[in-house]
Amino acid sequence: MLGRRAIPLVYLLACTLAWAADWPQWRGPNRDGVSPETGLLDSWPKGGPPLLWKIHGLGEGYAAAAVSGGRLYIQGQQGDEEFVLAFDSNTGKQLWRSQTGRQFRESRGYGPRGTPSVDGDRLYALAADGMLVCLETATGKRIWGFNIVDRFHGQVLHWGISESPLVDGDRVIVTPGAAGAAVVALDKMNGKVLWTSQSDQAGYSSPVAFDVAGSRKVVVFTGEAAIGLDFNSGRLLWRYERVANRTADIATPIVHDGQIFLSSDYGTGCALLKVSAAGASEVYFNRDMRNHYSTSVLVGDYLYGFSSSILTAMKFQTGEVAWRDRSVGKGSLIYADRHLYCLGEEGVVGLVEATPAGYREKSRFEIPKGGFPTWSPPVIADGKLYLREQDNLYCYNIKR
């Protein structure tokens, strides 16, 4: 039985743990760009929050980090190979390095684009050349792997394979973009093919799983359309082409309360779809949110995202714009503890209050920019903010 003096200690422990959370895959725990952490700084000193450590030597690439169980996993490229690296997330000490794909070089940037997905004691990573690997998280030892482009006779996209594998239930879902195998589901334990579906060209977006009408579905933004598939069989449920731009569909679908938000740039726009057992129907389409290489976040009733180069707040249900601001310049963002964490492609970092009332910037600082844009989105895990700039990874303490 707890005495009266023990109760405050229990309460204190609960408060201490409240802010701690992992970021085990692309766009965080729920693939929506939202961190559940609390107790974070409301503003930063002029030079930014305290720098805990910095890593130099990631190599080339735009891959963001996955953080789970005290380890940070990220992809890079040096010389003629791509690889996955593991670090101690508290100290920045390298734990292991495991080779994945061949080198990828393109005028807009070299190396891997996708974020590893951590599932228990396994990690799944996709290289820019299509090499998919399953590794032990503790050692980096390969359990299984193969090139999805070669296996299903697809092709490497102009800007490289850029998706982050979806690990859900007993399977891994990826998009080779091949005839009869635009999307495939694999047994996560051994890589065995469970189903293949459709013949769309691949996009640069990552799949999202969700439930509707009592069953599991998956939405994939291919190079030609947004498509809804049955999670268990891969059967096509619906197809929506209006929001695809046929150049680079990159933003991840946002699923909320039986609705799916989709957006792409190159002058295209955004759409909200209502999903049911019978299919999907358009709620609205407009050109006021044109996500290019980054994805919006949904906070309450409002979306916050970069419409091309302008940070924009938009009402989710209606598509009505609340405000626009040039903010940190064109960039990417995530959300945690009432704030947007924005990273501009020129290295400007901004802390912005997430409110439809207007643009309210709390703080900003800069990280040095190299020869390519800072396109890797921010990551928040366990009270730390991680920012990647190609070969460099910065870790900041953002605990209040």
Side-chain angles (χ1 to χ4, degrees), residues 11-52 64-65 67 251-252 254-257 261 263 289 291 294-307 310-318 320-329 331-344 348-367 377-387 394-400:
Y11 177 77
L12 178 61
L13 178 62
C15 292
T16 302
L17 294 176
W19 50 260
D22 284 341
W23 190 276
Q25 62 172 333
W26 170 242
R27 306 200 73 226
N30 299 308
R31 242 175 215 228
D32 56 6
V34 174
S35 168
E37 298 202 18
T38 57
L40 305 181
L41 291 171
D42 290 325
S43 62
W44 303 326
K46 185 177 181 180
L51 179 66
L52 293 176
V67 184
T252 305
I254 296 174
V255 181
H256 174 69
D257 195 23
F261 179 83
S263 181
M289 184 71 84
N291 292 154
S294 67
T295 304
S296 298
V297 294
L298 176 62
V299 182
D301 296 329
Y302 284 82
L303 291 157
Y304 301 90
F306 287 91
S307 182
I310 307 297
L311 185 59
T312 302
M314 169 186 284
K315 194 163 188 179
F316 180 74
Q317 295 289 350
T318 65
E320 178 185 2
V321 172
W323 54 257
R324 303 180 192 273
D325 196 275
R326 293 194 175 274
S327 184
V328 297
S332 55
L333 80 168
I334 58 173
Y335 169 85
D337 198 12
R338 309 182 312 280
H339 292 94
L340 307 173
Y341 289 74
C342 305
L343 175 61
V348 180
V349 189
L351 183 68
V352 179
E353 187 178 346
T355 172
Y359 181 77
R360 297 175 181 173
E361 184 175 306
K362 298 289 194 67
S363 306
R364 71 164 54 195
F365 70 102
E366 294 186 33
I367 59 173
V379 165
I380 291 174
D382 196 20
K384 303 178 185 70
L385 171 66
Y386 300 94
L387 303 174
Y394 301 84
C395 174
Y396 297 92
N397 181 6
I398 56 170
K399 300 175 188 175
R400 190 184 309 142

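What you see is a predicted model, and the numbers here were worked out from it, not measured in a lab.
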message: If the condition is side chain to side chain donor-acceptor pair (under 3.5 Å), which residues does Asp337 pass it with, not counting sequence neighbours?
response: Arg400
ring-ring contact (aromatic ring centres under 6.0 Å, His included) partners for Tyr304, two or more places apart: none
- line: For Ala336, the side chain to side chain contact (heavy atoms under 4.5 Å, CB included) test, sequence neighbours excluded, returns Ser35, Leu40, Tyr341, Ile380
- prompt: Regarding Thr312 and Trp323, is there a side-chain donor-to-acceptor distance under 3.5 Å anywhere?
  reply: no
Partners meeting side chain to side chain contact (heavy atoms under 4.5 Å, CB included) with Ser294 (sequence neighbours left out): Phe306, Ser332
field: Side-chain heavy atoms of Leu387 within contact of Leu343, under 4.5 Å
entry: yes
- request: Kindly indicate whether the side chain of Pro49, heavy atoms from C-beta on, has any atom under 4.5 Å from the side chain of Phe365.
  value: yes
query: Taking only residues two or more places apart in sequence or in another chain, which ones pass ring-ring contact (aromatic ring centres under 6.0 Å, His included) with Phe316?
result: His256
task: Could I get the full list of side chain to side chain donor-acceptor pair (under 3.5 Å) partners for Arg338, not counting sequence neighbours?
output: Asp42
message: Going by the rule side chain to side chain donor-acceptor pair (under 3.5 Å), which residues pair with Glu361 if we only count those two or more places apart in sequence or in a different chain?
response: Tyr359, Arg364
All side chain to side chain contact (heavy atoms under 4.5 Å, CB included) counterparts of Gln317, not counting sequence neighbours: Gln259, Leu272
statement: Residues passing the salt bridge (charged side-chain N to carboxylate O under 4.0 Å, His left out) test with Glu353, sequence neighbours excluded, are Arg360
field: Qualifying residues under side chain to side chain donor-acceptor pair (under 3.5 Å), relative to Arg27, sequence neighbours excluded
entry: none
message: Can you list everything that forms a side chain to side chain contact (heavy atoms under 4.5 Å, CB included) with Leu52? Sequence neighbours excluded, please.
response: Lys384, Cys395, Asn397
